[in-house]
Colleague: 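Questions regarding the structure given below will be posed in turn.
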2 protein chains.
Amino acid sequence: MKGYTRHRAEDAAAIGTLAPWESLIADAIGNVIEFWNFKRSHGAVWALLYLRGRPLDAAAIQAELGMSKGGVSMAVRELEQWGVVRRTRSPGDSAWHYVAETDFFGMIGKVVAEREGALVDSVVRDLTRAEALAVERSVDEAELERVQRMRRLAEFVSMALRTFLKTANLDIGATKDALDAPDEGG
Amino acid sequence: MKGYTRHRAEDAAAIGTLAPWESLIADAIGNVIEFWNFKRSHGAVWALLYLRGRPLDAAAIQAELGMSKGGVSMAVRELEQWGVVRRTRSPGDSAWHYVAETDFFGMIGKVVAEREGALVDSVVRDLTRAEALAVERSVDEAELERVQRMRRLAEFVSMALRTFLKTANLDIGATKDALDAPDEGG
DNA sequence: CGACTGGTTCACGATCGCGTGAACCTCTCT
DNA sequence: AGAGAGGTTCACGCGATCGTGAACCAGTCG
């Protein structure tokens, strides 16, 4: 199981130039987002950018985290797509620099919401189709009843999920400021 | 990403003797629980038992789902541990038979709750430790502030999760009867 | 305008988790 | 008690996934 085989925090930082306490954090974040089917390295990159609080270029990320060039490129690209990292270029500078957005969990929540929504929808679709097939084949009455109960439950979950996601977004939004730095905010 | 590479529902039932509409359901359930880091086969076994509504022995499960002997043994064992499947033996019968518990999502919820709880706790622990280390090394004031904000957020999430799990358990409990069969209930 | 630094892409290799199926064990019925 | 069916365990193989690093591309500065 991917999400539960956590890295022991003390073993982190073996590679890269991160301070032990920093890789402790990078690993903790990695554990969290890995559970939601994101990649561990995404968490590490975001954590680094957030902790430093100032724009870092790809070379710095690569050195600090001990990642490969390509890995950094992919990681920042995806983090950008999710809106949790922003790319800036100071005038007179040839390299891009990356900053962490502080609304990390809000953005991640949105991505998860889309995925879960698609998953639940597909389940409802399949169950509906299965029910139709069961009717065609005129299966046993009791069995048909169970299929219908299942589909109804799936529809209920679908609705409950949508409702919860709205609430959850608000809750996370309320804590948005918790990650805003008081000074030198990017 | 494991949870999101769903099996196309129509491709199911290639193996095993399940009716197409049944494997459609088995696959749908598999998609759902796979997202929560359970195995696909667990969902298939439970779905089969639930749909049939009567005790099946290991040989039947094996034939219907096209699984191996060992696979069935492991699947039912774990389903039993989670409390979503019960094992019975009719008198004068040499083989065990298995029945689906209808409080499937309640039980799964409990397991997930334990796992997520452990995950969140370990994160809080790591962040606390990281903060202590950061103080020792007397890191930059602003950076320390960000670590503290992170830890506080983690603690908030930990509490929010516990609260939500109580609510969620109630919500799922309310829908518990949705899967209870009206007749021939095990 | 050419050279070079920085960024992107992609095929390969390492790693990991899962199911298989054979070997082994247990329990029932004769 | 013996035979045999049913159940469990576990080492192996397969498939999927992720990161690497080399080759390629773009944009910048001299």
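The structure displayed is predicted, hence computed values, not measured ones. Numbers restart at 1 for each chain; the letters A, B, ... are given by sequence-line order, proteins then strands.
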Colleague: Taking the side chain of B:Lys39 as its heavy atoms from C-beta onward, which of C:dG19, C:dT8, D:dC18 lies nearest to it?
Modeller: C:dG19

Colleague: Any chance CZ of B:Arg87 has more than 12 other-residue heavy atoms, nucleotides or ligands included, within less than 6.0 Å?
Modeller: yes

Colleague: Rounded to the Å, how far apart are B:Asp57 CG and D:dG6 P?
Modeller: 8 Å

Colleague: Which one, D:dT20, C:dG7, C:dG21, comes nearest to the side chain of A:Tyr98?
Modeller: C:dG7

Colleague: Taking N and O atoms by type only, does the side chain of B:Lys69 place a donor or acceptor under 3.5 Å from a partner on the base of D:dG7?
Modeller: yes

Colleague: Just the rounded figure in Å: distance from P of D:dG6 to CD1 of B:Ile61.
Modeller: 14 Å

Colleague: Between A:Gly66 and A:Ser94, just flag the one whose closest nucleotide in DNA chain D comes earlier from the 5' side.
Modeller: A:Gly66

Colleague: I'd like to know if B:Leu79 and B:Met74 are part of one continuous hydrophobic network [Ile/Leu/Val/Met/Phe/Trp/Tyr, side-chain heavy atoms within less than 4.5 Å].
Modeller: no

Colleague: Mind calculating the distance between CD (A:Glu34) and C1' (C:dC16) to the nearest angstrom?
Modeller: 12 Å

Colleague: Which atom pair, heavy atoms only, marks the closest approach of A:Arg115 to A:Phe38?
Modeller: NH2-CE2, 3.6 Å

Colleague: Which of these nucleotides, D:dT20, D:dG7, C:dG7, is closest to any side-chain atom of B:Trp96?
Modeller: D:dG7

Colleague: Without decimals, in angstroms, what is the distance between B:Asn37 CG and C:dC16 P?
Modeller: 17 Å

Colleague: Choose from C:dG7, D:dG27, C:dT20 the nucleotide whose nearest atom is closest to any side-chain atom of A:Ala95.
Modeller: C:dG7

Colleague: What is the distance from CG of A:Leu65 to C1' of D:dT20, rounded to the nearest Å?
Modeller: 15 Å

Colleague: So which nucleotide from D:dT20, C:dT20, D:dG27 ends up closest to the side chain of B:Met67?
Modeller: C:dT20

Colleague: If you look at every strand shown and take non-hydrogen atoms under 4.0 Å, does A:Ala58 touch a base, only sugar-phosphate, or nothing?
Modeller: sugar-phosphate

Colleague: Hey, is the side chain of A:Arg87 poking within less than 4.0 Å of OP1 or OP2 on C:dG6, counting only N and O atoms?
Modeller: no

Colleague: Starting at the 5' end of DNA chain D and moving along, which residue's nearest nucleotide shows up first, A:Ser68 or A:Arg89?
Modeller: A:Ser68

Colleague: When the side chains of residues 62-69 of chain A are checked against the rest of the protein, which donor-acceptor pairs come out under 3.5 Å, sequence neighbours left out?
Modeller:
unit_1  : atom_1 : unit_2  : atom_2 : d
A:Glu64 : OE1    : A:Thr17 : OG1    : 2.5
A:Glu64 : OE2    : A:Arg52 : NH1    : 2.5
A:Glu64 : OE2    : A:Arg52 : NH2    : 3.1
A:Ser68 : OG     : A:Gly71 : N      : 3.1

Colleague: Side-chain N or O of B:Ser73 versus OP1/OP2 of D:dG6: is the shortest distance under 4.0 Å?
Modeller: no

Colleague: Is it the case that the side chain of A:Ser158 and the backbone of A:Ala154 share a donor-acceptor pair, with hydrogens and angles ignored and the cut-off at 3.5 Å?
Modeller: no

Colleague: Check the distance between C:dG19's P and B:Met74's CE and give it to me in whole angstrom.
Modeller: 9 Å

